[in-house]
Trainee: 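Before we start, here is the structure in question, set down as structure tokens.
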Amino acid sequence: MSDHSPVHGLSGVAMTLLTPLYGRAHAQRLIPGTEFSDPQATRVLQETGFRESEVLTDRSNAVGSIHRAVVFDAITRRFAHTHPTGTVLSVGIGLCTRDQRLADTVPDSVRWLGVDVPEVVELRERLLPDSRARVHAASLTAPEWTEVVEARPGPVLVLAEGVLMYLAPAEVTGFLADTRHHLGPGTRLAADFFHPWIALSGLHPISRATGARFRSGARSSTGLAALSPGWKAVAEHPVMERIGPAQRVAAAALRPLLLGHRPYAVAELTVAS
């Protein structure tokens with residue numbers, strides 16, 4: 001791929017969507033024998049016109065993005081089968097193809113929505129014209145983003161995949177408050193998070209690749225829920241430990257330093273009735 005004139009037109013935080021796309025596109029090579037498959041990812045990745053320097057192609061980050069997708073897929077399947085008329089809303093949807101990837105395993109009655117910045121929405125329309133998700137341009141730092149969810153039977157599952165760490169602490173708190181206030185009881189949230197010591201260290205290579213930086217973290221799923229009244233943690237899923245033996249050893253070594261907490265995980269929260 002040429003290092004000149006990428007056609008995707010992305011910068012900063014928006015450009016971070018290329019790394020999980022790369023991971024999904026190369027899943028079969030990176031994790032031999034995996035059941036995970038994203039048939040569209042290879043085509044979409046090439047059509048972005050990405051440059052290698054913009055993407056974390058190392059095995060650890062690429063495989064981590066795949067395992068994160070597997071966790072979010074499993075959460076989405078469980079929600080969809082429990083709430084077949086529910087809504088799945090991906091905030092910071094990027095070039096996620098979950099709506100099509102899970103089409104054969106979730107009810108057709110599930111509604112798919114997405115929110116992202118205008119340049120990503122335009123890119124999605126160009127590269128994923130057959131997506132089932134209706135995607136809207138909106139900012140997560142203003143409550144108006146919740147207006148994309150029109151009233152209909154069934155609760156809402158909000159997916160914040162690779163999103164919250166780029167928001168300032170006050171913005172994360174505002175996002176949680178807006179979600180609870182506007183989407184109401186029964187709303188669920190799945191969000192990945194880094195422990196603050198990891199997030200704020202400035203050492204993650206995504207910053208060098210894209211210029212984006214992590215601005216916040218959480219000590220646990222319970223800690224994330226506690227940032228805004230009305231939320232309750234219902235599950236916490238490890239991700240780093242799934243990558244490989246070295247990452248399991250590193251995660252175990254870090255936990256005493258992090259007072260028993262995980263360095264990186266996916267939280268499931270719910271709004272209390």
Side-chain angles (χ1 to χ4, degrees), residues 13 16-24 26-36 38 55-78 92 94 96 98 159-167 169 172 176 188-210 212-227 231-269:
V13 173
T16 64
L17 65 81
L18 295 171
T19 290
L21 180 63
Y22 177 92
R24 300 198 312 274
H26 294 276
Q28 301 298 313
R29 173 179 62 81
L30 291 165
I31 312 177
T34 182
E35 295 182 359
F36 179 87
D38 193 335
V55 182
L56 302 185
T57 59
D58 64 286
R59 187 179 186 281
S60 178
N61 280 292
V63 170
S65 70
I66 298 167
H67 284 297
R68 182 180 71 184
V70 169
V71 171
F72 274 86
D73 283 359
I75 292 170
T76 303
R77 285 194 193 94
R78 287 196 299 272
C96 180
R98 182 166 289 113
L159 303 178
E161 186 176 4
V163 172
L164 296 191
M165 61 284 295
Y166 297 107
L167 301 181
V172 174
L176 292 171
R188 295 182 78 92
L189 169 68
D192 57 318
F193 64 92
F194 286 92
H195 189 281
W197 288 9
I198 306 297
L200 302 179
S201 69
L203 298 177
H204 198 285
I206 197 70
S207 296
R208 293 192 297 273
T210 66
R213 64 184 181 90
F214 296 162
R215 303 169 67 196
S216 63
R219 288 177 171 78
S220 63
S221 55
T222 301
L224 181 62
L227 294 177
W231 286 98
K232 177 184 178 181
V234 295
E236 183 173 301
H237 306 274
V239 176
M240 182 176 174
E241 295 88 334
R242 297 168 179 252
I243 297 173
Q247 288 74 21
R248 284 194 293 274
V249 170
L254 283 169
R255 289 191 74 164
L257 300 175
L258 304 179
L259 303 180
H261 300 304
R262 292 186 171 95
Y264 178 62
V266 174
E268 276 191 83
L269 312 182

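Atom set for the values below is all heavy atoms of this structure, side chains included, hydrogens, waters and symmetry mates excluded.
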Trainee: So, using side chain to side chain donor-acceptor pair (under 3.5 Å) as the criterion, who are the partners of Arg248 when residues are at least two apart?
Mentor: none
Trainee: Checking Thr210 now: which residues fulfil side-chain contact (heavy atoms from CB on, under 4.5 Å) with it, not counting sequence neighbours?
Mentor: Met15, Thr16, Ile206, Ala212
Trainee: Who are the side-chain contact (heavy atoms from CB on, under 4.5 Å) partners of Val55, not counting sequence neighbours?
Mentor: Leu18, Thr19, Tyr22, Phe50, Thr57
Trainee: Do any pairs count as a ring-ring contact (aromatic ring centres under 6.0 Å, His included) and have a residue in residues 243-267, sequence neighbours left out, and if so which ones?
Mentor: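 Residue pairs with at least one partner in residues 243-267: Phe194-Tyr264.
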Trainee: Show every salt bridge (charged side-chain N to carboxylate O under 4.0 Å, His left out) that has at least one partner inside residues 250-260, sequence neighbours left out.
Mentor: none
Trainee: Just to verify, what does Arg24 make a salt bridge (charged side-chain N to carboxylate O under 4.0 Å, His left out) with, not counting sequence neighbours?
Mentor: Asp38
Trainee: Applying side-chain contact (heavy atoms from CB on, under 4.5 Å), can you list everything that pairs with Arg78, at least two apart in sequence or on another chain?
Mentor: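 With neighbours one apart ignored, the set is Ala74, Ile75, His237, Glu268.
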Trainee: Which residues pass the side chain to side chain donor-acceptor pair (under 3.5 Å) test with Glu236, sequence neighbours left out?
Mentor: Ser221, Arg262
Trainee: Partners of Arg215 by salt bridge (charged side-chain N to carboxylate O under 4.0 Å, His left out), sequence neighbours excluded?
Mentor: Glu171
Trainee: Does Phe36 offer a backbone N or O that forms a donor-acceptor pair with the side chain of Gln28 under 3.5 Å?
Mentor: yes
Trainee: Residues in salt bridge (charged side-chain N to carboxylate O under 4.0 Å, His left out) with Asp73, at least two apart?
Mentor: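 Residues passing salt bridge (charged side-chain N to carboxylate O under 4.0 Å, His left out) with Asp73: Arg98, Arg101.
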Trainee: If only atom types and distance count, is the side chain of Ser207 paired as donor or acceptor with the main-chain N or O of Phe214 below 3.5 Å?
Mentor: no
Trainee: What residues form a ring pair (Phe, Tyr, Trp, His ring centres under 6.0 Å) with His195, not counting sequence neighbours?
Mentor: Trp197
Trainee: List the residues meeting side-chain contact (heavy atoms from CB on, under 4.5 Å) with Thr222, not counting sequence neighbours, and say none if there are none.
Mentor: Ser220, Ala233
